[in-house]
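First listed ligand is number 1; within each ligand, the first listed atom is number 1. All heavy atoms count here, side chains included; hydrogens, waters and symmetry mates do not.
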Amino acid sequence: MPQRRPVVISGPSGAGKSTLCRTFAATVSHTTRKVRPGEVDGVTYYYVSREHFESLILKDTFVEFTEFNGNLYGTSKQTIIDQSSKGSIIVLDVEMEGVKQLKKEQLNSESTINPRFVFIKPPSFAVLESRLRGRGTEDETSVQSRLERARDELEYAETGVHDKIILNEDLDKAFRELEEFIFDGRAPES
Ligand SMILES: Nc1ncnc2c1ncn2[C@@H]1O[C@H](COP(=O)(O)OP(=O)(O)OP(=O)(O)O)[C@@H](O)[C@H]1O
């Protein structure tokens with residue numbers, strides 16, 4: 001079975017990563033954050049306690065992990081292995097620290113992951129803020145810390161580390177661009 005390179009999606013919180021990735025088989029990350037209404041363990045995330053997450057870090061379980069707003073998030077190596085063995089294209093949704101860790105891992109001669117990096121860019125800071133508020137999932141402190149972080153994410157993207165930057169203004173257009181990039185011009189396997 002041909003193995004395609006994993007695609008790493010990043011971008012500020014509220015830029016539209018989850019919305020755009022909904023139809024792709026994104027990897028399921030681990031998190032210590034609380035389950036939001038409508039989320040399902042093992043589908044949206046693997047929800048674990050901080051103690052459990054920390055024990056997994058010590059066991060070198062994660063290809064990348066980060067702490068955000070007091071919660072830990074990480075992608076386990078096993079998730080990637082399981083998904084590639086099914087022949088799926090792996091889509092990882094990570095934030096800037098995760099991108100940096102994956103970039104570092106890519107330089108390692110033993111690395112087997114070798115992903116391609118996409119950045120989802122909001123049309124403007126004001127639109128990002130209104131999407132984040134409009135989503136209705138964050139309290140004011142969380143909105144503020146996400147916006148603060150968004151500045152770093154946007155600055156990091158300016159350095160040209162990503163293989164592709166997709167402007168998420170018109171959702172359908174952004175989705176088509178992402179699909180084209182993920183499947184690299186080839187039709188998705190049915
Ligand atoms: N192109 C778009 N036009 C209008 N609204 C959009 C667009 N893309 C996403 N949204 C809306 O913006 C909000 C934020 O999107 P989403 O939750 O996908 O962001 P995210 O990047 O996954 O954030 P997080 O990193 O916090 O999970 C959602 O309410 C979504 O419906």
Review point. When you check the gap from the basic side-chain N to the acidic O, do R176 and E180 get nearer than 4.0 Å?
Key: no
Practice item. Looking only at protein heavy atoms, identify the closest one to atom 19 (O) of ligand 1 and say how far it is in Å. Key: G16 N, 3.2 Å
Practice item. May I ask you to list the atoms of ligand 1 that are less than 4.0 angstrom from any heavy atom of L171? Key: 1 (N), 8 (N)
Check your understanding: Should you measure from each heavy atom of R146, which atoms of ligand 1 turn up under 4.0 Å away?
Key -> 26 (O)
Exercise for review: Starting from the C-alpha separation in whole Å, work towards a yes-or-no answer on side chain to side chain donor-acceptor pair (under 3.5 Å) for E105 and Q101.
Suggested key: CA-CA 6 Å; E105 159 87 21; Q101 287 170 36; over 6 Å; no
Practice item. Give a yes/no verdict on whether any heavy atom in G14 is under 4.0 Å from an atom of ligand 1. Key: yes
Check your understanding: Which of these, E169, R135, R131, has its nearest heavy atom closest to atom 10 (N) of ligand 1?
Key -> R131
**Study point:** Nearest-neighbour protein heavy atom for atom 18 (O) of ligand 1, which is reported as residue plus atom name and distance
**Key:** T19 OG1, 2.5 Å
Check your understanding: Considering only the protein, which heavy-atom contact is closest to atom 22 (O) of ligand 1, and what is its distance?
Key -> S18 OG, 2.4 Å
Practice item. Among H30, H52, E39, find the one that has a side chain to side chain donor-acceptor pair (under 3.5 Å) with Y47. Key: E39
Point to revise | Basic-acidic side-chain contact under 4.0 Å: R50, E67 | key: yes
Practice item. Ignoring hydrogens and angles, tell me if any N or O in the side chain of E153 forms a donor-acceptor pair with the backbone of M96 under 3.5 Å. Key: yes
Review point. Can you check whether L56's main-chain N or O pairs, donor with acceptor, with T61's side chain at less than 3.5 Å?
Key: yes
Review point. Relative to the heavy atoms of N168, which atoms of ligand 1 are at a distance of less than 4.0 Å?
Key: 1 (N), 2 (C), 7 (C), 8 (N), 9 (C)
Review point. Mind checking whether E95 has a heavy atom under 4.0 Å from ligand 1?
Key: no
Exercise for review: Look at atom 26 (O) of ligand 1 and say which protein heavy atom is nearest, naming residue and atom and giving the distance to 0.1 Å.
Suggested key: S13 OG, 2.6 Å
Review point. Between P12 and ligand 1, which residue portion shows a heavy-atom distance shorter than 4.0 Å: side chain, backbone, both, or neither?
Key: backbone
**Study point:** Nearest-contact summary for atom 25 (O) of ligand 1 - protein heavy atom, Å
**Key:** K17 NZ, 2.8 Å
**Study point:** Charged tip of R149 within 45° of F68 ring normal and under 6.0 Å
**Key:** no
Check your understanding: For Y73, is the NZ or CZ atom of R33 found under 6.0 angstrom from the centre of its six-membered ring and inside 45 degrees of the ring axis?
Key -> no
Check your understanding: How about Y156 and F119: are their ring centres within less than 6.0 Å of each other?
Key -> no
Point to revise | Non-hydrogen atom of A15 closer than 4.0 Å to ligand 1 | key: yes
